[in-house]
Amino acid sequence: MRHVKTVIGLVLTAVMLFPVYWMINVSFTRDIAMRKSPPDLFPLHGTLDGYRAVLDQQFPYLGTSLVVGLGTVTLTLLLAAPAAYSLAKLRPRGGGALSFVLLIAQMIPGIIMAMGFYAIFLSTGVLNTVPGLIVADSTLAVPFAVLILTTFMSGIPEELLQAARVDGAGVLRAFVSIVLPVSRNSIITVSLFAFLWAWSDFVFASTLDQGGDHQPITLGIYHYIGNNNQEWNALMATAVVASVPATILLVIAQRYVAAGVTAGAVKD
C-alpha cells in the first residue's frame, strides 16, 4: 500500500511540475519548431536565442523587480513589526478592532485598490514611479505581516520581557534586543511572502507603472504578448529566469518558515 501511495504521489507531482518543464522546453525551442504537431517533448535542436533576448532586453526589468521587492520587504517590516509588537505585548485600546480591520483589508480585491491608488498617485505625482509601486505592493503585505507577527509575538514568554525590564530595558530596547531576535523565523516568513508578492505582482504594475521608465519583470514578460507574437522562446526564457530568484528564496527560507518562533528561546 505504501508503494502505491508513493507512485500516486510521484504521478501527481509530475502532473503539477509538467507546466514548469514545458516552460523550460519551449524556452529552448526554435521558432520554426514552435508550431510543430505533435510538439517535441525535448528540445533536440535547441537554441539559446530566447536567453540571449533576456540578456539584451530583460535585465532592466529584473533589476526594477529586485528593487521593488526589497523595498516592499523593508517598508513592510518597518510598519508591521512595531504594530505587531504593540498588538501582541502592549495591548493598546482598540487592538482587537484593528486586527479585525486588517483581516478585512486582505479581502479587498487588488484591482479595486489599484484604481484607488491610481487616483491618489496621479494627484500626488508618484504615478509611474518605483516608490509608488513599492507603497502599493506593501499594502498587500502589511496586513498579512501584522497578523502573522502578532500571532508569533504573542507566544513569546513574558519572562523574557520581564527580565529585560528588570535589567532596565525600555519598551523600544526590549523590542529591538529581545522581540525581534526571537521572532527571526516569523520575520523571515513575512519577508519571503512580501518579496514574492511584489516580485509576481501584475495588477499594480500594469495599472500604476505602465508608462514608467523603470518597469518590473511582469511587464517585461507582458511586452512579448501580442496578437502577432512569435517570440515564444524569449517569453518562456524570461519566465524561467524570473522564476530563479523566487525558487532560490523558497529553498533557502523553507526551514525558517517551518521552524517554531520561540524554539530555544527559553531553557527549561
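The model shown is predicted, which means the values in this text are computed figures rather than measured ones.
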Considering all heavy atoms, the nearest Ala88-Met153 contact: CB-CB, 3.7 Å
Hydrophobic cluster identity match, Phe121 and Val68, side-chain contacts under 4.5 Å: yes
Smallest separation among heavy atoms of Gly110 and Phe204, with atom names: O-CE2, 3.5 Å
From Leu17 atom CG to Leu10 atom CG, the distance as rounded to the nearest 0.5 Å: 10.5 Å
Under the side chain to side chain contact (heavy atoms under 4.5 Å, CB included) test, residues paired with Leu192 that sit two or more places apart: Leu196, Leu249, Leu250, Ala253, Val257
Single-linkage hydrophobic cluster, 4.5 Å side-chain cutoff, Leu55 and Ile24 together: yes
Over all atoms of both residues, closest heavy-atom pair of Ala234 and Ala53: CB-CB, 3.9 Å
Cluster link Phe195 to Trp197, ILVMFWY, side chain under 4.5 Å: yes
Side chains of Gln57 and His223, donor plus acceptor under 3.5 Å: no
Partner residues of Ile252 under the side chain to side chain contact (heavy atoms under 4.5 Å, CB included) criterion, sequence neighbours left out: Ile248
Nearest non-hydrogen partners of Ala198 and Gly69, listed with the distance: CB-CA, 3.8 Å
Pairs meeting criterion side chain to side chain donor-acceptor pair (under 3.5 Å) with involvement of residues 155-175, two or more places apart: Lys89-Glu158, Arg173-Ser177
For Asp49, side-chain hydrogen bond (donor to acceptor under 3.5 Å, both in side chains) partners two or more places apart: Thr47, Arg52
Interatomic distance, Asn233 atom CG to Phe28 atom CZ [nearest 0.5 angstrom]: 10.5 Å
Partner set under side chain to side chain contact (heavy atoms under 4.5 Å, CB included) for Ile178, not counting sequence neighbours: Leu160, Leu161, Ala164
Set of side-chain hydrogen bond (donor to acceptor under 3.5 Å, both in side chains) partners for Ser99, sequence neighbours left out: none
Which residues share a side chain to side chain contact (heavy atoms under 4.5 Å, CB included) with Ile104, sequence neighbours left out: Phe100, Met107
Phe59: partners by ring pair (Phe, Tyr, Trp, His ring centres under 6.0 Å), with sequence neighbours left out: none
Cluster overlap Phe152 with Leu79, hydrophobic side-chain contacts below 4.5 Å: no
Under the side-chain hydrogen bond (donor to acceptor under 3.5 Å, both in side chains) test, residues paired with Tyr51 that sit two or more places apart: Ser27
Any pair counted as salt bridge (charged side-chain N to carboxylate O under 4.0 Å, His left out), so long as it reaches residues 61-84, sequence neighbours left out: none
Approximate separation, where rounding is to 0.5 Å, of Trp199 CH2 and Ser243 OG: 9.5 Å
Chi angles and distances behind the side chain to side chain contact (heavy atoms under 4.5 Å, CB included) call for Thr218, Asp201: CA-CA 7 Å; Thr218 49; Asp201 168 66; 5.7 Å; no
Under 3.5 Å, which donor-acceptor pairs do the side chains of residues 127-149 form with other protein atoms, sequence neighbours left out?
residue	atom	partner	partner atom	Å
Asn128	OD1	Gly211	N	3.3
Thr129	OG1	Val126	O	2.5
Thr129	OG1	Gly132	N	3.3
Ser138	OG	Ile134	O	2.8
Thr139	OG1	Ala136	O	2.4

Approximate separation, where rounding is to 0.5 Å, of Met115 CE and Ile111 CD1: 4.0 Å
Closest contact, heavy atoms only, Ile221 versus Ala239: CD1-CA, 4.1 Å
Where Ala114 and Val203 come nearest, the two heavy atoms and their spacing: CB-CG1, 4.1 Å
Cluster check Leu78, Ile188: I/L/V/M/F/W/Y, side chain < 4.5 angstrom: no
Contacts of type ring pair (Phe, Tyr, Trp, His ring centres under 6.0 Å), residue Phe202, not counting sequence neighbours: Tyr222
From CG (Leu208) to CZ (Phe117), nearest 0.5 Å: 7.5 Å
For Ile217, the option from Leu66, Thr238, Thr64, Val54 that meets side chain to side chain contact (heavy atoms under 4.5 Å, CB included): Thr238
Trace of the side chain to side chain contact (heavy atoms under 4.5 Å, CB included) decision for Leu180 with Phe175: CA-CA 6 Å; Leu180 287 183; Phe175 171 66; 3.7 Å; yes
